[in-house]
J.: 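Right, I'll just put the structure down here and ask away after.
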Protein chains: 2
Amino acid sequence: MNSSRPVTIKDIARRFRCSPSTVSRALNDHPAINEDTRKNIQEYAREVGYQRNEVSLSLLNKKTASLGVVVPTISNYYETAVIEGLHTALQPIGYTLNICVTNENYALEKEYLAKLLSNRTEGIFLSVSHETYNSGYYEHLESVIQRKTPLIFIDREYEDFETSRATVDDYHGAFAAVEHLINIGYRHIAHLKGPNGLTVSEQRFKGYADCLKKYDMAVREEFIINTNFNVESAILPTKRLLEMATPPDAIFGVNDQVAIGAMRVVKAKGLRIPQDVGLIGFDNSPISAYTFPSLTTVNRPGRKIGMEAARLFLNQVNGAEDFKHESTVLPSELIIRESTLRI
Amino acid sequence: MNSSRPVTIKDIARRFRCSPSTVSRALNDHPAINEDTRKNIQEYAREVGYQRNEVSLSLLNKKTASLGVVVPTISNYYETAVIEGLHTALQPIGYTLNICVTNENYALEKEYLAKLLSNRTEGIFLSVSHETYNSGYYEHLESVIQRKTPLIFIDREYEDFETSRATVDDYHGAFAAVEHLINIGYRHIAHLKGPNGLTVSEQRFKGYADCLKKYDMAVREEFIINTNFNVESAILPTKRLLEMATPPDAIFGVNDQVAIGAMRVVKAKGLRIPQDVGLIGFDNSPISAYTFPSLTTVNRPGRKIGMEAARLFLNQVNGAEDFKHESTVLPSELIIRESTLRI
DNA sequence: GAAATTTTTTCAAACGTTTGCATTCAATAT
DNA sequence: ATATTGAATGCAAACGTTTGAAAAAATTTC
């Protein structure tokens, strides 16, 4: 059987000399269909491997059961955890996820959103790209809103849109991290900050700064250096910190990668962790448990964020007329490990 | 404008008192359309945010430009790297990826494949689930083949299908790893194997065993213990190894996770790495560079595999009539780090 | 054996777009 | 004025499926 062209309902109808309607009803167990007809048609359909064309159904019902997930990257643990959460919540109820990776690029983000709308995607989960953030452009989002396609922000957001959003409590996570350092007895705490402007960077920075203030400690500008979220970007900044006249005795990295970069430099300098320098990261990525010493960090529940985002989406589509957008902020949680545990 | 229903070509036609055909042609810059008409229609379309319904086009042209990616998990570095590679190669030329995660589950795999076919996906990248492997069922794949939907196997494969496949050279990677251990001077090399039956497990095991044989070393059954690819599954096996009368002086883990699990146990026992015990993993996951000591491993080029799989797919769809299925085996590469570098 | 009823099947429209062919209308050539 | 051309537009079918309403066929009722 050279069945490269998929079998259609019409093919089956021709075979049974009946109308397509009958075949359709037979296949869907419609009660008005004769028992024998039904059996014959179903059996034949199975035999020739009939599979209904969902594309035509999408057109007819204006339902595609597909969702867009637009993220800057999928090469970090956190993002894949979020996707896994979305997947866990949404695949079982029939949704298909279209993953789009923007590489922090505005033009790509715009293109993907347009494409998702063209494909009549029923909802979009978006973590906006870094470039979009900086540029401040957002017309590409207006068309999503205008189309009434549910848009759920994940972590990175525009404040001025009326949408649901799921984020992690970066502020209090950072606050708790720094407070922990202070409790242990560290007094000169530096921060390897993320790129300026991103909510994630700024919130963590704010938690850091506010905590210092609470304990009447100076927020020293030279103790705050930008990084790019990855290991390499932490190397030089850490060197600079350690070569200061009065170097810090603890470093709070904006994420685990950065903290690990710092860890390398500190160890290379012959300083001991945590005795000489305390070190703390953010994300609780799998790697953080297995460095040496293991890294104190702040857990960021990616999987839960994904599931929560899914819940927000479902709320919106199944929504009562009194539906209100929600902003969920999931708590982050301090995970204490060896890199801060002195004495 | 309560434009919750997307604007269609018909809407625009009504507005201009012309036929849908004219609007369609105007929007597509058809030369037979009056310049003014074209401009007016295009301008109006932009104004009201018209976006063509790709679903209807898919139905008409029988092209969906969407591809299925069916993988057992997305929570490991390697899998996401593969997906990234696919994405890098295929998104720019207009394909959309539908990621399906089977959780190593046969029923889910079957369901997803059926769904992808129903959605008229134009190609499927598949890394079969563990359960499928064990059960040996593969009718769910037959229907894919029968439909002439290009099917590309990634890493895990059925030998008996006529398809293209992209895999990493696990055998020689494992061989090189063990040879390296022998060269360094380790003599009692244990293997923490993956689950039996999976190609990945068996190939790496074979590389291990063949290398030992080449150097006239015994392949001792008690030195080969199964794990489940994750950290925890390596804990007990490693304990058992170290408590033997003549314990191994080196351990080859089926992947980095397993090697890291072993590392914990070895260090907890007070043994030194690499002096007392050599340790080697597989995958070159990011984490392996940052453990202490850093982990010798075998690089597995996930991103490249993804791009290669994409290439194989494109070959098939753009294929000349003399098209032949290919099996690409990408080389793996030994990455030597501290965990094996004694003396 | 015809009317009434029930069961089963078909018709036609719809979803949004494209496209070969036919049509209309105006302009040009004769 | 009429035939010829050319430009611009419209018609209708197609993709595969579903579904309300109509039609046909079979069965029951008296």
Side-chain angles (χ1 to χ4, degrees), chain A residues 3-42 44-45 48-66 114-115 117-122 147, chain B residues 3-42 44-45 48-66 114-115 117-122 147:
Chain A
S3 65
S4 86
R5 182 171 81 60
V7 179
T8 72
I9 270 192
K10 287 185 187 173
D11 296 330
I12 301 181
R14 217 168 298 131
R15 159 75 174 67
F16 281 91
R17 290 184 223 290
C18 70
S19 73
S21 341
T22 303
V23 177
S24 168
R25 291 199 168 98
L27 293 173
N28 292 318
D29 289 327
H30 193 285
I33 292 293
N34 183 284
E35 185 67 5
D36 287 343
T37 319
R38 210 206 70 209
K39 263 194 208 143
N40 288 335
I41 290 183
Q42 288 193 353
Y44 180 74
V48 296
Y50 169 80
Q51 254 161 333
R52 79 133 131 358
N53 185 331
E54 295 287 348
V55 177
S56 76
L57 263 191
S58 291
L59 181 59
L60 187 62
N61 301 331
K62 305 180 177 212
K63 298 235 158 145
T64 57
S66 75
K115 200 173 162 194
L117 288 181
S118 268
N119 286 328
R120 299 301 186 259
T121 296
E122 291 178 23
R147 265 282 208 51
Chain B
S3 65
S4 85
R5 182 171 81 62
V7 179
T8 72
I9 270 192
K10 288 185 187 173
D11 297 330
I12 302 181
R14 217 168 299 132
R15 159 74 173 68
F16 282 90
R17 288 183 223 291
C18 68
S19 74
S21 342
T22 302
V23 177
S24 169
R25 287 197 251 258
L27 292 174
N28 291 318
D29 289 327
H30 193 284
I33 292 294
N34 181 283
E35 185 67 5
D36 286 344
T37 319
R38 212 207 68 210
K39 262 195 206 143
N40 288 335
I41 290 183
Q42 288 194 352
Y44 180 75
V48 297
Y50 169 80
Q51 253 161 335
R52 80 134 135 348
N53 187 330
E54 295 286 349
V55 176
S56 76
L57 263 192
S58 292
L59 180 59
L60 187 61
N61 300 331
K62 304 178 177 216
K63 298 235 159 144
T64 56
S66 75
K115 201 173 163 192
L117 288 182
S118 268
N119 286 328
R120 299 301 186 260
T121 296
E122 291 178 24
R147 267 283 208 51

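FYI, side chains are in, hydrogens and waters are out, and symmetry mates aren't considered; it's all heavy atoms of this structure. Below, chains carry the letters A, B, ... as their sequence lines are ordered, and counting in each starts from 1. Owing to the predicted nature of the structure, the values given are computational and were not obtained by experimental measurement.
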J.: To the nearest Å, give me how far apart CD (A/E35) and P (D/dA26) are.
T.: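 So the two atoms are 18 Å apart, to the nearest Å.
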J.: Give a yes/no on whether any side-chain N or O of B/N28 is located under 4.0 angstrom from OP1 or OP2 of C/dT18.
T.: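 Yes.
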J.: Using 0.5 Å steps for rounding, measure from the CG atom of B/N40 to the CZ atom of B/R15.
T.: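 One gets 8.0 Å once the value is rounded to the nearest 0.5 Å.
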J.: Taking CZ from A/R25 and C1' from D/dA21, how many angstroms apart are they, rounded to a whole number?
T.: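 Answer to the nearest Å: 10 Å.
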J.: When you check the side-chain N and O atoms of A/T22 and A/S19, is any donor under 3.5 Å from an acceptor?
T.: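 Yes, side-chain donor-acceptor contact under 3.5 Å.
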J.: Taking the side chain of A/L59 as its heavy atoms from C-beta onward, which of C/dT17, C/dC15, C/dT10 lies nearest to it?
T.: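 In terms of side-chain proximity for A/L59, the closest of C/dT17, C/dC15, C/dT10 is C/dC15.
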J.: Name the nucleic acid region contacted by B/R52, choosing base, sugar-phosphate or nothing; use a 4.0 angstrom heavy-atom cut-off, strictly under.
T.: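 If one applies the 4.0 Å heavy-atom cut-off, B/R52 turns out to touch the sugar-phosphate alone, with no base involved.
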J.: Contact class for B/R17 vs. all strands (heavy atom < 4.0 Å): base, sugar-phosphate, or nothing?
T.: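 The answer is sugar-phosphate, as B/R17 gets under 4.0 Å only of primed atoms, P, OP1 or OP2.
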J.: Could you state the interatomic distance from CG (B/N34) to SG (B/C18), rounded to the nearest 0.5 Å?
T.: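 Reported value, rounded in 0.5 Å steps: 11.5 Å.
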J.: Report the distance from atom CG of B/N119 to atom P of D/dG16, rounded to the nearest whole Å.
T.: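 To the nearest whole Å, that distance equals 15 Å.
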J.: Rounding to an integer number of Å, can you tell me how far B/N61 CG sits from C/dG16 P?
T.: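 Spelled out: CG on B/N61 to P on C/dG16 is 17 Å.
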J.: Nearest 0.5 Å please: distance from the CG atom of B/L59 over to the OG atom of A/S58.
T.: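 Here the rounded value is 9.5 Å.
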J.: In Å and rounded to the nearest 0.5 Å, what is the NZ to CZ distance from B/K62 to A/R5?
T.: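 Reported value, rounded in 0.5 Å steps: 5.5 Å.
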J.: Nearest to the side chain of B/L60, which nucleotide is it out of D/dG10, D/dC15, D/dT9?
T.: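 Ranking D/dG10, D/dC15, D/dT9 by closest atom to the B/L60 side chain puts D/dC15 first.
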J.: Taking OP1 and OP2 of C/dC15, is either one under 4.0 Å from a side-chain nitrogen or oxygen of A/K63?
T.: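 Negative; the distance criterion is not met.
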J.: Output the rounded distance in Å from CD (B/E54) to C1' (C/dT18).
T.: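 Computing the B/E54:CD to C/dT18:C1' distance gives 13 Å.
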J.: Could you work out which one of D/dG10, D/dT17, C/dT17 sits closest to the side chain of B/T22?
T.: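 Looking only at side-chain atoms, B/T22 lies closest to D/dG10.
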J.: Indicate, with a heavy-atom threshold strictly under 4.0 Å, whether B/T37 touches base, sugar-phosphate, or nothing.
T.: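 Sugar-phosphate: the residue B/T37, judged by heavy atoms under 4.0 Å, touches backbone atoms but no base.
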J.: For D/dA8, take OP1 and OP2 only and decide whether either is under 4.0 Å from a side-chain N or O of B/N34.
T.: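 True: B/N34 side-chain N/O within range (under 4.0 Å) of D/dA8 OP1/OP2.
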J.: Do the side-chain N or O atoms of A/S56 get closer than 4.0 angstrom to the phosphate oxygens (OP1, OP2) of D/dC15?
T.: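 Looking at the OP1 and OP2 atoms of D/dC15, neither is under 4.0 Å from any side-chain N or O of A/S56.
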J.: Examine C/dG16: is either OP1 or OP2 under 4.0 Å from a nitrogen or oxygen in the side chain of A/K62? Give yes or no.
T.: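 For C/dG16, OP1 or OP2 has a side-chain N or O of A/K62 closer than 4.0 Å.
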J.: Rounded to the nearest angstrom, tell me the gap between atom NE2 in A/H30 and atom C1' in D/dT17.
T.: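 Distance check: A/H30 NE2 to D/dT17 C1' gives 14 Å.
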J.: If only side-chain N and O atoms of B/S21 are considered, is one of them under 4.0 Å from the OP1 or OP2 phosphate oxygen of D/dT9?
T.: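 False: B/S21 side-chain N/O out of range (4.0 Å or more) of D/dT9 OP1/OP2.
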J.: Rounded to whole angstrom units, what separation is found between the CD1 atom of A/I41 and the P atom of C/dT9?
T.: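 It works out to 8 Å between those atoms.
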J.: Starting from P on C/dT19, measure out to CD1 on B/I33 and report it in whole angstrom.
T.: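 Nearest whole value for this atom pair: 13 Å.
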J.: Can you check whether B/S19 has a side-chain N or O nearer than 4.0 Å to OP1 or OP2 of D/dC11?
T.: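 Checking B/S19 against D/dC11: no side-chain N or O falls below 4.0 Å of OP1 or OP2.
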J.: Roughly how far apart are B/D11 CG and B/T8 OG1, rounded to 0.5 Å?
T.: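 That separation rounds to 3.5 Å.
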J.: When we call it a touch if two heavy atoms are under 4.0 Å apart, what does A/Y50 touch: a base, just sugar-phosphate, or nothing?
T.: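 Answer is sugar-phosphate: A/Y50 comes under 4.0 Å of backbone atoms only.
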